[in-house]
Each structure stands twice: as structure tokens, then as C-alpha cells.
Amino acid sequence: MLITKLEEILKDIFIKCGFAVDKVTVSKSSRPDLGDYQCNDIFRLSKKLGINPLEIGEKITNFQDEKINQTFQKIEFVKPGFLNLVLSDAFINENIKYLNNHERFGIEEENQTYVIDYGGANVAKPLHVGHMRTAIVGEAIKRIIAFRGNKIIGDIHMGDYGLQIGQVIYGLKNENITLEDINIQILNRLYPQISSLCKEDEIVKETCAEITKNLQDGNKEYQKYWQKIMEVSIADMQKLYNYLDVHFDLWYGESDSYPYLPIVEEMLESNHLLVQSEGALVVNVKTADDKKEIPPLLFKKSNGAYLYASTDLATIYQRWQDFKPNHILYVVDNRQEMHFEQVFRVSDKLNMLKYADLEFLGYGTVNGEDGKPYKTRNGDAPSLEDLFKQTKEIFIQKREENKDMPEEDLNKIVNAILKFADLSNSREKDYIFDLNKFSDVTGKTGPYILYTYLRLNKVLKELNISSDLTDNIYNEVDRELRLKILEVTSALESAYQERKPSYLADYLYNLCVCANQFYGANHIIGLEDKEKQNNWLYVLNLVNKIIKQLLNLLAIDIPSKM
Ligand code: ARG
């Protein structure tokens with residue numbers, strides 16, 4: 001990575017100047033007018049060594065050797081203890097060439113095994129905006145991790161055995177709907193209907209809970225209903241996930257963990273971890289250092305029913321046996337953080353996956369303009385299908401010519417609008433859902449990135465792309481664009497380390513701003529100076545290569561034109 005390279009070169013200078021340091025830290029300059037990168041270590045070093053910072057600064061800036069001259073145009077000392085680093089054109093271009101020839105843009109290869117749990121759709125409940133967020137964020141994280149060469153298995157982990165199934169079976173039986181007649185419209189109508197009935201009617205509520213328990217215990221009739229409900233509901237989910245270009249390797253659900261529950265129970269038992277509490281079986285997980293209250297994990301209810309935490313533990317067991325993963329990641333709503341805290345602690349106690357290898361990657365809420373969870377005008381969470389339709393309509397209304405775009409391209413743009421908006425917000429934060437803003441072709445939006453790519457692509461298709469780059473950089477916007485290109489590795493690195501695709505979305509936007517500024521200021525077509533033209537085409541080609549790859553990591557496809 002560029003920063004690491006600079007740190008090594010600088011450390012070498014420090015040592016050659018007689019200052020023994022183990023590490024030197026370099027960062028992007030906060031004053032781009034003064035330097036490209038900066039180092040703030042001198043101040044600290046001067047305290048440690050009892051030497052005046054100016055003295056250290058002078059020694060460093062006066063030091064010269066071939067490597068320094070190749071790397072820096074200048075190194076400047078600024079009081080009280082900063083070094084401003086201006087890179088040489090040759091060094092910038094050498095790194096541009098390196099990125100152009102490196103298939104992972106400077107990222108090192110890894111080969112670990114991951115499982116990523118995302119999507120989390122619930123059978124028989126319509127998918128809503130929250131499910132879109134875990135699908136979008138999860139898919140991007142999955143691709144970012146796979147990009148480094150890792151193996152990553154995506155599991156949707158459906159909620160397929162919970163109370164909603166009992167409620168829907170109750171409704172179906174109550175209306176004498178036969179198995180053959182069950183369809184998605186009926187399911188979409190029944191779930192909200194019976195779920196609100198349960199809030200009013202204690203008897204219905206109990207009946208539904210009983211149906212659920214009997215189903216889990218293997219009741220034949222309910223199993224038949226369940227299978228049909230699964231079939232209809234999954235077909236509908238698949239349609240929506242396909243539209244989002246989100247693909248799960250496994251379509252497992254809570255129900256698939258049931259065979260492993262007795263094994264986990266036995267493991268808990270033999271480790272003396274199960275404790276009776278008001279008739280239920282719980283596992284205490286709090287430790288002496290906990291600053292906040294961590295309640296016990298509820299493993300089994302007094303009626304013998306297992307719970308959400310039990311199935312999550314059994315699922316860890318299953319994944320541990322099946323894949324021996326190094327890590328399991330969970331892309332789930334922030335509000336479930338405590339649940340996973342409990343589950344991870346128990347997994348650790350059982351010596352399945354260790355606490356550090358289980359990661360809760362929480363995401364925030366998608367809010368409306370009022371700062372409350374996004375709703376349609378009639379007060380429901382909008383279904384995903386409606387949301388896709390609405391997004392398309394808003395985009396079409398933006399410009400006359402959008403109307404005539406091929407359907408396939410429009411669908412790609414809908415994806416870009418929704419995904420880029422979501423991913424440009426850091427995953428753990430809430431954000432306000434403003435479709436009108438998200439679908440603009442200007443600003444930090446998906447369409448802006450696509451537009452930039454297509455704009456550059458037009459020139460690249462018209463002229464021959466050069467395979468070589470000489471050492472010249474021609475003007476300020478040109479230099480800025482090249483420096484921005486060099487940041488791609490650290491954007492990929494941060495997105496991976498923190499499991500945050502927003503680093504890529506931010507980087508893409510900044511890269512596109514530089515590319516448009518460059519393109520607006522420099523005429524390339526018809527340029528007399530062929531060397532200059534070649535160099536610029538080389539740079540723009542790399543820009544588009546990066547945009548395309550990064551968009552792919554965000555699961556955004558590029559339309560044929562816009
Ligand atoms: N179905 C759950 C929900 O809608 C999300 C599942 C998350 N994954 C998990 N392993 N618990 O809230």
C-alpha cells in the first residue's frame with residue numbers, strides 16, 4: 001500500500017539521520033496545498049529524545065539520497081513538528097503503473113474461510129426496507145472479502161420457524177384455505193391480519209403459539225402447511241433478491257438448526273452451563289468486568305420450546321461442523337446487538353467459534369424525512385416491490401429521455417440508486433430515505449457514478465488506449481486525479497478491515513469528482529500532443545477500471561447508456 005511504502009521510506013530516513021524509531025506514521029495531508037501526505041511524528045520523537053523538533057526537522061529535510069529524490073519532490077518541515085511530503089511525478093506514475101498491472105489494486109491475497117449471515121428474511125412476512133439494507137450491505141461485504149481471495153459462504157438464515165408461521169397457519173385454517181390455494185397475496189394479507197388479531201385476542205394468541213410449538217415438534221398436518229408456505233414465500237423472496245443481484249449460497253433457516261439443538265443442549269449440560277430460572281433453562285454470560293447489564297441467554301422455555309438464541313447457537317454448531325470457518329459475520333439490525341453478545345459468549349464458552357471470530361456487523365434504521373422508520377403514506381413499511389417501482393418512476397420523471405431507456409438499463413439504475421444511497425452511509429448509522437435526492441445525476445449518488453463511468457467510457461472507446469505511461473504530469477487537476485487513484489488500495493483496505501462498504505462508496509464519489517474535473521478541464525479528443533493524449537488515456541482507463549471493479553464489489557451493474 002502507498003502509505004505503508006511511504007512510511008518505510010521515511011523510517012529509513014529517520015534511521016539514517018540517527019533517530020532510532022520503530023515506526024513512522026504517514027497520513028493524507030490535511031492541507032493539500034502544502035503537501036500530498038504528512039507525517040506528525042517529529043513532535044513526539046523530540047519529546048522522547050529531548051531534541052528540539054526543528055533540529056530533527058532540519059536533519060530530515062537536508063538528508064538526500066537516490067531513493068528520496070526518486071520519491072519526493074520535496075519534504076518540508078513546519079512548526080511545531082510536521083513534515084509535509086510532496087511526491088515526485090516519477091513516484092506517482094510508478095505507482096499508477098503498479099495499480100494498473102495489479103489485479104487486486106495492491107491488496108494482498110488471503111485465504112481464510114468466512115460465513116456471512118445476512119438477508120435474514122422471515123418466511124410469510126413481506127420483505128421491507130430493513131431487509132433491503134442487510135441484503136445490500138451483506139452482499140457488498142461478502143464481495144469485498146471474496147475480492148482478497150478468501151472463501152466466503154453467504155447464508156440467508158431465514159426466520160422460518162417462528163410465531164409468524166403459527167399465525168399464518170391459523171389464518172389459513174380459519175378461512176378453510178386449502179394447500180393448493182395458498183399464494184403470496186394470501187400470505188401477505190394474512191400475516192398482518194392475524195398478527196394484529198393476536199394483540200387483541202388472548203385465545204387466538206395462545207392458539208397460534210401452540211400451532212408453532214406443535215409444528216416445531218413435528219406435527220404432520222402443520223408440517224405440510226409449513227412446506228407450502230415456505231415454497232410460496234421463498235419463490236417471492238428469490239424474485240426480489242434476484243432483482244437486487246443478491247445471491248445466497250445457502251438458503252438455510254432457523255428450522256435447519258433444529259437437529260443440532262439436542263447436541264448443543266448436551267454440550268451446555270456437560271459443561272455445567274445450564275441453570276434453571278423460573279422453570280426455564282438459561283446460561284449466565286455476564287462477567288465481572290461488564291460495565292452494563294448482560295442478561296442470561298434464554299435457552300429453553302418452561303414449555304420446552306427453544307428460542308431465537310438457541311437456534312442461533314445451534315446454527316453456529318452447524319456451520320462450525322460443516323465449514324470450519326475462521327470467522328462468522330452477522331449483518332443484522334443494530335437492535336439485535338445484545339442477542340448476539342449473549343450468543344457469542346456462549347459459543348466461546350463451548351469452544352465452538354471463539355468470541356473474537358464472531359462479528360456482529362450492525363446496521364442502522366432507514367428513516368423517513370420525519371426521522372422515524374420509513375413508512376408509506378398509509379403508514380406501512382413499504383414492500384420492496386413497490387419501492388423498486390417507485391424508484392424507477394422517480395428516475396424516469398427526472399429527464400425526458402429516461403422514458404425511452406431499455407428496461408434492463410432502468411433496473412440497473414434502480415439498483416444503483418438504492419444501493420449507492422444505502423452504502424454511502426456508514427452501515428451502523430441511520431439514514432434518511434430521500435428517493436428524489438438519491439436518484440439525481442449530480443451529487444453523491446449512484447447515477448452520478450454511472451454517468452461518470454459512461455462519460456469516460458465514450459472517449460476510451462473512441463481512441464486507442466495506450467499501454468504505457470511516461471513520467472509527465474501536466475497540470476493540477478491531472479495531478480489531483482492521479483493522487484486520488486493512488487488512494488484506492490487504502491479504501492479497499494479500510495472497507496475490508498472495518499467491514500464497511502461506505503469506504504468504497506466515498507472513494508468512488510471522490511474519484512468521480514476528480515475525474516470529472518479533469519475531464520472538464522482537459523480536452524483529450526483531437527489533442528495534437530500524442531504523448532500527452534496517450535498518458536491521459538492510460539490514466540482514464542485506469543479510473544474506469546477502478547470504478548467498474550468497485551461498483552462490482554457494491555453489486556452495482558453499469559447500464560449500456562444513460
Ligand atoms: N430473521 C431475523 C429478523 O428478521 C434476522 C436474522 C438474523 N440472523 C441471525 N442469525 N439471527 O430479525
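Note that ligands are numbered from 1 as they come in the structure, with each ligand's atoms numbered from 1 the same way.
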Q | Close side-chain approach of Leu250 to Phe248, heavy-atom, < 4.5 Å | A | no

(Q) Tell me if a side-chain donor or acceptor on Thr445 pairs with a main-chain N or O of Val441 at a distance below 3.5 Å. (A) no

(Q) According to side-chain hydrogen bond (donor to acceptor under 3.5 Å, both in side chains), who are the partners of Thr489, at least two apart in sequence or on a separate chain? (A) none

Q: Tell me, please, which residues at least two apart from Tyr252 pass side-chain hydrogen bond (donor to acceptor under 3.5 Å, both in side chains).
A: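 For Tyr252, no residue satisfies side-chain hydrogen bond (donor to acceptor under 3.5 Å, both in side chains) once neighbours in sequence are set aside.
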
**Q.** Atom-level proximity to ligand 1, residues with heavy atom under 4.0 Å
**A.** Asp117, Gly120, Asn122, His131, His157, Tyr308, Asp312, Tyr330, Val332, Gln336, Phe340

Q: Could you tell me which residues satisfy salt bridge (charged side-chain N to carboxylate O under 4.0 Å, His left out) with Lys142, sequence neighbours excluded, listed by chain and number?
A: Asp249

Q: Measure centre to centre between the rings of Phe360 and Tyr330, then say whether the value is under 6.0 Å.
A: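 Not under 6.0 Å, so no.
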
